[in-house]
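Please read the structure below before turning to the comments.
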Amino acid sequence: MECLYCLLGFLLLAARLPLGVAKRFHEVLSDERPSAYVGSHNQLNGWSSDENEWNEKLYPVWKPGDPRWKNGWKGGHVQAVLTSDSPALVGSNITFMVNLVFPRCQKEDANGNIVYEKNCRNDTALTPDPYVYNWTAWTEDSNWGNGSNQSHHNVFPDGRPFPYPPGWKKWNFVYIFHTLGQYFQKLGRCSVGVSINTANVTLGPQLMEVTVYRRHQRMFSRIAKVKDVYVVTDQIPVYVIMSQKNDRNASDETFLRDLPIMFDVLVHEPSHFLNESSIKYKWSFGDNTGVFVSNNHISNHTYVLNGTFSLNLTVEASVPGPCPPPPPRSSKPTSSLGSAGNSPLELSEAPDERCQITRYGYFKATITIVEGIRDVNIIQMTDVMPASQPANSLMDFVVTCQGTIPTEVCTTISDPTCQLAQNSVCSPVDLDKNCLLTVRRAFSGPGIYCLSLTLGDAASLALTSTLVSVSSKVLLLFYDPASPLRLANGALISAGCLVIFVIVVTLMLYKKYKVYKPIENIPGKVINDKGLDTLINHAKATFSCRSQEKDPLLKNQPGIV
């Protein structure tokens, strides 16, 4: 009998031995794990408990400082970058993305192999082999993905087989996601994503850890590990973008009086959990104007006084949620006024009923309202033509504004579309109480320009733009008495007109004496007088041609807005 007891004890000890020797997921994936960690969280859909055994033979576990870590990847170390769309409203989905960053000059090709980039030099010597890891040739030459060895090697650390969708042989990395005492295994390439529903996640900050393995002969080798904090909340994540015309810096939460401020509410909910919800926005602008309720995420408000104001926003949404448990039934008999079919208790116990839970989001800010430049206008444009700058076209712009007195003026000259800037000039200004100044700017030549003029002070910037047409002034050079060249050109034109006049008179006299013969009687004198009148009329016509050529040269049109 004693021998039988000893045999049973030995068997029990042998049965418990693997449990004590085999590693668990939480021992491999997490650096430290608080007690009773699993019991405080509900089961995530599709995830497994980290109490499961880890296949250490296929996925070896190396302690920190093990020299085998140095050979984990050719040419350096691989980094894993983990991101998420946190924070997440409880009940919605949160998505995690992992991207692998390879050593310099390495990348993943279309077949999932790791290759060296062309024309890229790194610190290592150049190799004729373009591959860092040629997994395609390796799997084709071996029986890794064929036959009986397929079920032995192509498995996750807990022994579950890989999925085999089309192209699965190009997925050469194994990702192990670990959070809330549970893990999720996924086969992929250099970038993968995982989404979880947060309905069963405890509110507050949580930790996600990801461990990455690669194919390595008949086993897998760990190449990277990364962790990140994500947040699950029962309040709607809300952010407000505030903007205002003429405001110089929206980030300092200082705005201008008597100009509307636009408030744009952004609800952070990337999984579209609130798409079917009715959302209300309740505004309190802090200036004793009351509470403003709207269904639009954009709102405008104008402050008419200077000072500091407290802005408050409450976002309210009805979202699907579990129905509260019904109250216990009363043992006392009820009257007919609590009759069948009209009892709220009976309605709440309906099996197909969908309850709604009201969730709230809050935003608060302190904004400062000051006086600023509210408006700016160009009221006059004047063409300037100084003799010292004949190559440029100068124009004076008379500018007026409303609000505070500006301290600087900036102008930008660009193409007619106001897109391609050609010249930009800024200069300080010192004005009195009246906001009236003249800005002189030079244009490179004839054409149409877009002039943008900005007046600014410490808190505001007021902008106006106009189109300017600069006309050609080359012909006007002939009529500038200050230029010797223009005087010479004028003399040449006068001499040319005189020569033309002499030629015309000569031709007319020649024609007259060739056609008509002299007559001695008195009526002939009248005819001669008429001929003289005709000659005078031709001379007038000749001079009238000169007057007609002079008109277009004197035209000088100012800039056109």
Closest non-hydrogen atom pair between [X] and [Y], with its separation:
{"X": "L467", "Y": "P416", "result": "CD2-O, 3.5 Å"}
{"X": "K57", "Y": "P60", "result": "O-CD, 4.2 Å"}
{"X": "N296", "Y": "Y281", "result": "O-CD1, 3.3 Å"}
{"X": "V226", "Y": "A80", "result": "CG2-O, 3.4 Å"}
{"X": "T83", "Y": "D228", "result": "CA-OD2, 4.5 Å"}
{"X": "H216", "Y": "S221", "result": "CB-CB, 3.8 Å"}

Separation between [atom1] of [X] and [atom2] of [Y], rounded to the nearest 0.5 Å:
{"X": "T179", "Y": "K227", "atom1": "OG1", "atom2": "NZ", "answer": "11.5 Å"}
{"X": "L455", "Y": "T407", "atom1": "CG", "atom2": "OG1", "answer": "9.5 Å"}
{"X": "I176", "Y": "T211", "atom1": "CD1", "atom2": "OG1", "answer": "7.5 Å"}
{"X": "T302", "Y": "L259", "atom1": "OG1", "atom2": "CG", "answer": "7.5 Å"}
{"X": "S243", "Y": "D264", "atom1": "OG", "atom2": "CG", "answer": "7.5 Å"}
{"X": "N200", "Y": "N45", "atom1": "CG", "atom2": "CG", "answer": "9.0 Å"}

Below 4.5 Å, heavy atoms only, C-beta onward: do [X] and [Y] meet side chain to side chain?
{"X": "P103", "Y": "H77", "answer": "no"}
{"X": "S299", "Y": "F292", "answer": "yes"}
{"X": "L256", "Y": "N246", "answer": "yes"}
{"X": "V155", "Y": "R160", "answer": "no"}
{"X": "S414", "Y": "L420", "answer": "no"}
{"X": "K280", "Y": "N295", "answer": "yes"}
{"X": "L274", "Y": "L89", "answer": "yes"}
{"X": "Q244", "Y": "P260", "answer": "no"}

Can you tell me if [X] uses its side chain to pair, donor with acceptor, with the backbone of [Y] under 3.5 Å?
{"X": "Y175", "Y": "R189", "result": "yes"}
{"X": "R248", "Y": "G456", "result": "no"}
{"X": "T466", "Y": "L451", "result": "no"}
{"X": "K225", "Y": "L29", "result": "yes"}
{"X": "S49", "Y": "E51", "result": "yes"}
{"X": "D247", "Y": "K245", "result": "no"}
{"X": "D85", "Y": "T95", "result": "yes"}
{"X": "S277", "Y": "I279", "result": "no"}

Centroid-centroid distance, [X] to [Y], less than 6.0 Å:
{"X": "F102", "Y": "W73", "answer": "yes"}
{"X": "F173", "Y": "W135", "answer": "yes"}
{"X": "W283", "Y": "F263", "answer": "yes"}
{"X": "H301", "Y": "F285", "answer": "yes"}
{"X": "Y213", "Y": "Y59", "answer": "yes"}
{"X": "F96", "Y": "Y230", "answer": "yes"}

What's the verdict on side chain to side chain donor-acceptor pair (under 3.5 Å) for N197 and N93, showing C-alpha distance, side-chain angles and the deciding distance? CA-CA 4 Å; N197 187 271; N93 292 337; 2.9 Å; yes

Which one of Q182, R24, H178 satisfies the side chain to side chain donor-acceptor pair (under 3.5 Å) criterion with D50?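 Between D50 and the candidates, side chain to side chain donor-acceptor pair (under 3.5 Å) is satisfied uniquely by H178.
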
Please say which of D109, N113, N111 ends up in a side chain to side chain donor-acceptor pair (under 3.5 Å) with T136.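 Per the side chain to side chain donor-acceptor pair (under 3.5 Å) rule, the option paired with T136 is N113, out of D109, N113, N111.
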
Option among F220, F25, F156, Y183 that satisfies the ring-ring contact (aromatic ring centres under 6.0 Å, His included) test with W54: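 Of the listed residues F220, F25, F156, Y183, the ring-ring contact (aromatic ring centres under 6.0 Å, His included) partner of W54 is F25.
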
Could you walk me through whether E253 and T368 satisfy the side-chain contact (heavy atoms from CB on, under 4.5 Å) test, starting with their C-alpha distance in whole Å, then the side-chain angles of each, then the deciding distance to 0.1 Å, before giving a yes or no? CA-CA 6 Å; E253 297 184 346; T368 303; over 6 Å; no

Decide yes or no on side chain to side chain donor-acceptor pair (under 3.5 Å) for N99 and S191, but give the supporting numbers first. CA-CA 5 Å; N99 294 281; S191 179; 2.7 Å; yes

Could you give me the CA-CA distance, side-chain angles and deciding distance for D415 and Q422, then say whether side chain to side chain donor-acceptor pair (under 3.5 Å) is met? CA-CA 7 Å; D415 69 318; Q422 301 175 2; over 6 Å; no

Taking atom CG of N300 as the centre, report whether more than 12 heavy atoms of other residues, nucleotides or ligands fall under 6.0 Å from it.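 More than 12 within 6.0 Å, yes.
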
Please determine whether the number of non-hydrogen atoms from other residues, nucleotides or ligands lying under 6.0 Å from atom OH of Y362 exceeds 12.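 Enclosed: over 12 neighbouring heavy atoms sit under 6.0 Å from OH of Y362.
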
CA sep, side-chain torsions, deciding dist, call: L207, E209, side-chain contact (heavy atoms from CB on, under 4.5 Å): CA-CA 7 Å; L207 183 65; E209 299 174 290; 4.1 Å; yes

Sole candidate of V315, L266, T314 that passes side-chain contact (heavy atoms from CB on, under 4.5 Å) when paired with V238: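 For V238, the side-chain contact (heavy atoms from CB on, under 4.5 Å) check succeeds only for V315.
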
Please step through side-chain contact (heavy atoms from CB on, under 4.5 Å) for the pair E117 and Q106, ending with a clear verdict. CA-CA 6 Å; E117 296 184 17; Q106 297 183 12; over 6 Å; no

Between K23 and E53, does any NZ, NE, NH1 or NH2 come within less than 4.0 Å of an OD or OE carboxylate oxygen?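 Looking at E53 and K23, the cut-off is not met.
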
Would S452 and L463 count as a side-chain contact (heavy atoms from CB on, under 4.5 Å) if you check the C-alpha gap in whole Å, the side-chain angles of each, and the deciding distance to 0.1 Å? CA-CA 7 Å; S452 299; L463 170 69; 4.1 Å; yes

